Amino acid sequence: MFDILVISKLTKIYGTKVKTKALDNISLTVKQGELIAITGESGCGKTTLLNLIAGLDYPTSGIIKIDGIETTKLNDQELAILRSNKIGIVFQFFNLFPILTATENIELAMMIAKKSEDSQQKRAMELLKMMGLANKAKSKPNELSGGEQQRVAIARALANDTKLILMDEPTGNLDSKTSQDIMKYIKNLNKDGKTIIIATHDQTLAKFADRIIIMKDGKIKK
Amino acid sequence: MNLMKFVFKYIMRRKLRFFLTLLGITIGIATIAGLFLLGAEMETQVYSRANALGSDAMITPQHWCSYEYVSVLEGEQVGEAIPISDFENISKVDGLLITAPIIVKSTGIDGRPVTVTGINPSQMLVLRNWKTKEGQYLNNNDTYSVILGSSIAEKFNLSITDTLIIRENLFNITGVLEQTNTNDDISVYIPFETAAKIYNTKDKISFVFIRVDDISRMDEYIIEIQNVANVNVITNSQIIEESLDVIKTVRNASLLMVIIAIIAGFFGIVNTMATAVNERKREIGILKSLGARNSFIFKQFLIETFIIGFLGGFIGYIVGFIASYSILPQIFPAQYQSFQTTANLSTSSFDLNIFIFCILFSLAIAITAGLYPAWRASKLPPVEAMRIV
Ligand SMILES: Nc1ncnc2c1ncn2[C@@H]1O[C@H](COP(=O)(O)OP(=O)(O)OP(=O)(O)O)[C@@H](O)[C@H]1O
Ligand SMILES: [Mg+2]
C-alpha cells in the first residue's frame, strides 16, 4: 500500500530557556488505510506529534511527508490549505464552536474549504445521520452530551472527506459505554478506507488499531 | 454557512457590546452629518435671504462686522448709529434710486418678543414688492399705524379691527402683508420716524438699504456716499460672503469637538475588537486547525468592523438629519412660524454628498480601528491559540 505519511528523524524542542524535548528523533511510516494507535503516558509527546503532522506547529528538525508532499517545507498558508484538503482533526477537548449548531459546526469546516452552501448542507446532514445525530442537527454544543459532542467533532473531521484523520484522545472525556460506540464509528470509518491515527491512553481503544505505537519521553518504544 | 452568517452569529452573541460600540461611532458621525446639513441649509438660507432683501447694497455704521450682517439677514434687532442728517445727505447722492432707512427694534405681543421694523413705507414697498393681504399698506403720512407680517397676524390672531400697543403707544393695524416666506413674515412695520421717536433713538437709524440705477457704477456711488457720510457700504455679495464666513467659523469650531467624538468612537472600536480577538483566541486556533488561512481570520474580524462602520455611517446620517431637522426651526424662526400655519418649512433635505461622505468616513474610521486587532488575530499561531482553555 501507498505510504500516506512518512516521518523521519523528527525532533521537537519546546522553549528557549527551559528546553523540553517533546519529540526525540522519531521516524514512522503509515500506509494508506491503516488504523494506528499512539499510546504512552501523559507528557510523552502524543499531542505534539499530532500537531506536527497536522502542520499546526513546526518541528525543530526532521521531515514529514503527507501524500508525497513534504509538509515541513510549507509555509502557513500552504499548511492551512493542506489541512482543509488532506487532514481531518478531532481534538482532545471536542473544540466545537459554542455559538454554532451541530450542523453549522460541520458546515464550518466545509466553508473554510470553500464548498458551496448547498453541498455543505447536504454533506452535514449525511454525516449527522451517519453519526446517529440527525435529531440533534439544530442543537448547540451545550445542549449535547459529551458523547454527542465528540460525534459532532468526528463528523466535522470527516466533512471534507480527507484521506487522513488525526484524533487526539477521542474517548478521553467519555464513559466506557460511549467510548465503545465511538470506537465502532472509528472502526467503520477505517473500513471505509480512511487512514486514522489516534493518540490515546485508552488501552481498549488501542486494541482496535492495526498497529500500536508506544511512546516514552518523546521516543518510540515499539 | 458563509462568512457573513458566521460573523453575524458572533455579533449576535455580544449584542450589547456591539450596540455600544456602534453607538460611539454613530454619535460622532451624527454630529458631523448634523453640522454639515445645518451648514448647507444655513448657506442656502443666506443666499435666499440676501436675495430677498431686494436691495443692491446696505449702508451701515463703520464699526459693523460679520455678526451684524447675519443679524440683518435673520431679522434681529441691531443698534442704530447713523445720524438722520447723514442719511439725508446720502439720499441726495446721484444715482441712488432707493434709500430706505431702517430701524430694527423689538416689542412684546402677548408676552412674546416680536421684531418691530421702522421703515419708509413707499421705499420699502418698491424694495420688497410686498402685497397687502388685508386692509391697507402704510401711507407715508401715517404715524401711529402698523402693518403686520403674515405670520405675526396668524400667530397672535390679529386683524385690521385690532390695535397694538408698542412701547406704551397705541397703534392702529392698517393691514396685513401677504406671506413672503422670508423673515418679513415675522416682523411688524411702523414708519421709521415714529420708531425713532418711541424708541428714542436720538435721531439715529440702524442702516439703509439702497438700490442704484446702474450696478456697474457701484464703486463710484460708494465713494460718493462715503464723501458725505462716515459710513460703510456693503454690497449684497459682500453680505453673503461675510455671513458665510461666520457660518464657516462656527462650523470649524464645532468640528474640533466632533473630532474628539470621532476619536472616542475610534478607540471604542479598537477596544471592542481587541477584546473580541482575546476572547476568541481558542476559536481562532480551531479555525486554523480546520484549515482556515490567515486571510480568513483577518476577513472575519474586518467584516465585523466593516458592519460597525457602515451602520455607524448610515444611522449617524439619519440621526444627524433628524437632529438638524429639529434644530433648524430654532435657528430660522421665520420658516418655523410659517411652517406652523402653512406647512412650508424649508428643512434640510437629503444630501447625497453628505450621506456618502458619512458612510465612507465612518467606514474609514472603523476599518482603520479594526486593522490592527484583525491582523493580530490572523497571525496567532494555532497551537498557542488553542492552548487557552
Ligand atoms: N507549548 C509548549 N511549551 C513547552 N512545553 C510543551 C508545550 N507543549 C507541550 N510541552 C511539553 O512537551 C511534552 C509533551 O507534551 P504533549 O502535550 O505532546 O504530551 P501528551 O503525550 O499529549 O500528553 P497527554 O497524554 O497528557 O495529553 C510535555 O512534557 C509538555 O510539558
Ligand atoms: Mg495530549
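Worth saying up front: this structure is predicted, and the values here are computed from it rather than measured. Each chain gets a letter, A, B and so on, in the order its sequence line appears, and its residues count up from 1.
Between B/Leu290 and A/Ser84 the shortest heavy-atom distance is O-CB, 3.7 Å. Minimum interatomic distance between B/Ala292 and A/Ala80 (heavy atoms only, all atoms of both residues): O-CB, 3.7 Å. For the pair B/Gly291 and A/Arg83, the tightest heavy-atom approach, listed with the atom from each and the gap, is CA-CB, 3.9 Å.
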Side chain to side chain contact (heavy atoms under 4.5 Å, CB included) evaluation trace for A/Met111 with B/Phe296: CA-CA 11 Å; A/Met111 171 183 130; B/Phe296 178 96; 3.3 Å; yes
Worked verdict on B/Ile286 versus A/Leu96 for side chain to side chain contact (heavy atoms under 4.5 Å, CB included): CA-CA 8 Å; B/Ile286 302 169; A/Leu96 297 174; over 6 Å; no
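Within the model, atoms CD1 of A/Ile112 and NZ of B/Lys288 stand 11.5 Å from one another, a figure rounded to the nearest 0.5 Å. In this structure, B/Arg282 CZ and A/Phe93 CZ are separated by 7.0 Å, a value rounded to the nearest 0.5 Å. A/Leu108 contributes atom CG, which lies 11.0 Å from atom CG of B/Asn2 (distance to the nearest 0.5 angstrom).
Between B/Glu283 and A/Leu100, every side-chain heavy-atom pair lies at or beyond the 4.5 Å cut-off.
Around OH of A/Tyr58, the count of heavy atoms belonging to other residues, nucleotides or ligands within 6.0 Å exceeds 12. In this structure, A/Glu41 places its CD atom where only 12 or fewer heavy-atom neighbours from other residues, nucleotides or ligands lie under 6.0 Å away. Atom OH of A/Tyr185 has more than 12 neighbouring heavy atoms from other residues, nucleotides or ligands inside a 6.0 Å radius. Within a 6.0 Å radius of CZ in B/Phe306, no more than 12 heavy atoms belonging to other residues, nucleotides or ligands are found. Within a 6.0 Å radius of OH in A/Tyr14, more than 12 heavy atoms belonging to other residues, nucleotides or ligands are found.
The contact between A/Gln120 and chain B is made entirely by side chain atoms (from C-beta outward), counting heavy-atom distances below 4.5 Å. Residue contact with chain B, scored on non-hydrogen atoms closer than 4.5 Å, is absent for A/Lys86. With a threshold of 4.5 angstrom between heavy atoms, B/Arg293 approaches chain A through its backbone and through its side chain. If you measure heavy-atom distances from A/Ile99 to chain B, the contacts under 4.5 Å come from both the backbone and the side chain.
Taking a cutoff of 4.0 Å between a charged side-chain nitrogen and a carboxylate oxygen, B/Lys9 and A/Glu104 qualify as a salt bridge. The pair A/Glu117-B/Lys5 meets the salt-bridge criterion, with a side-chain N (NZ, NE, NH1 or NH2) lying under 4.0 Å from an Asp/Glu carboxylate O.
Screening A/Thr48, A/Asp57, A/Leu52, A/Thr47 for a side-chain contact (heavy atoms from CB on, under 4.5 Å) with B/Val383, the sole residue that qualifies is A/Asp57.
Ranking A/Asn51, A/Ile81, A/Asp76 against chain B, the residue ahead of the rest is A/Ile81, based on heavy-atom pairs under 4.5 Å.
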